[in-house]
Amino acid sequence: GNANGVRIYNTDIQGNTTTVTQMKVRKVSNFTPSTPNAVFLNNTSYDARNKQLYVDASYSGGCLDHTFQLEWDGSAHKTNPPQYDLRLVDTSQLDSCRELITTQLRFDTATQDESFESPGVMALRAPNGGKTLLVDI
């Protein structure tokens, strides 16, 4: 299905309600090569108990709502432990505003289409390059 997740409501430090969408990892035949809006990876962590990947990211925008997806090509590097390459993609149309917005994204890695072995390593990048974040799973 195309349903990408459930909405989770968080309260920030100032007491404002913010929405976090829990999304699923999406298996793709090819990674998205580029996007109209840049995404910058800041940090990542993995909750092994719930099989949740948390990604702290920033993106350029401010005028439109942004949507994201985490792509995986279905392969694993034959290393010990195995490494999985993932791409965080901003699937939104071009946002001409230039504010740098920081958000936390949450991805469910325990879906029918995905089989990530644990122990393993997820190598997370954005289509526009930048740093690669590694997280143990």
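- At least one donor-acceptor pair closer than 3.5 Å links the side chain of T44 to the backbone N or O of Y54.
- A side-chain donor-acceptor contact under 3.5 Å links N128 to the backbone of V39.
- With D56 contributing its side chain and N42 its backbone, the two residues share no donor-acceptor pair below 3.5 Å.
- Both L88 and Y84 belong to a common hydrophobic cluster when Ile, Leu, Val, Met, Phe, Trp and Tyr are linked at side-chain heavy-atom distances under 4.5 angstrom.
- Heavy-atom minimum distance, P127 versus V89: CG-CG2, 3.8 Å.
- When all heavy atoms of D85 and F31 are compared, the pair lying nearest together is O-CZ, 3.5 Å.
- Contact record, C97 with S60: O-OG, 3.8 Å, taken as the closest heavy-atom pair.
- Separation of atoms OG1 (T103) and CG (L105) is listed at 5.0 Å; rounding is to 0.5 Å.
- Residue L70 holds its CG atom at 6.0 Å from CG of L124, rounded to the nearest 0.5 Å.
- One hydrophobic cluster, built from ILVMFWY side chains closer than 4.5 Å, cannot hold both L134 and L86; they sit in different ones.
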Notebook entry, point to check: Does the side chain to side chain contact (heavy atoms under 4.5 Å, CB included) test come out yes or no for F40 and L100, once each step is laid out?
Noted result: CA-CA 10 Å; F40 307 97; L100 191 62; 4.0 Å; yes
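- With sequence neighbours left out, Y59 forms a ring-ring contact (aromatic ring centres under 6.0 Å, His included) with H66, F68.
- Contact between P82 and A76 at its shortest, heavy atoms only, is CB-CB, 4.3 Å.
- In terms of heavy-atom proximity, S92 sits nearest to P36 at O-CG, 3.7 Å.
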- Query: N37 and L94: side chain to side chain contact (heavy atoms under 4.5 Å, CB included), yes or no, with the steps?
  - Reply: CA-CA 6 Å; N37 303 303; L94 178 62; 3.8 Å; yes
Item to complete: I would like to know whether T109 and Q52 meet side-chain hydrogen bond (donor to acceptor under 3.5 Å, both in side chains); could you show each step before the answer?
Response: CA-CA 6 Å; T109 65; Q52 303 284 306; over 6 Å; no
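- Classified by interplanar angle (parallel below 30°, tilted 30° to 60°, perpendicular above 60°), the ring pair W72/F116 is tilted.
- The line from CD of Q104 to OG of S45 is 6.5 Å long, rounded to the nearest 0.5 Å.
- Residues T35 and T32 approach most closely at CG2-CG2, 4.1 Å, considering heavy atoms.
- Here the CZ atom belonging to R125 is positioned 5.0 Å from the CZ atom belonging to R87, to the nearest 0.5 angstrom.
- To the nearest 0.5 Å, atom NZ of residue K24 and atom CG of residue L53 are 14.0 Å apart.
- Judged by distance alone, the side chain of T79 and the main-chain N or O of P81 form a donor-acceptor pair under 3.5 Å.
- Residues V55 and V28 are members of separate hydrophobic clusters, defined by side-chain heavy-atom contacts under 4.5 angstrom among Ile, Leu, Val, Met, Phe, Trp and Tyr.
- Separation of atoms OG1 (T91) and CD (Q93) is listed at 10.5 Å; rounding is to 0.5 Å.
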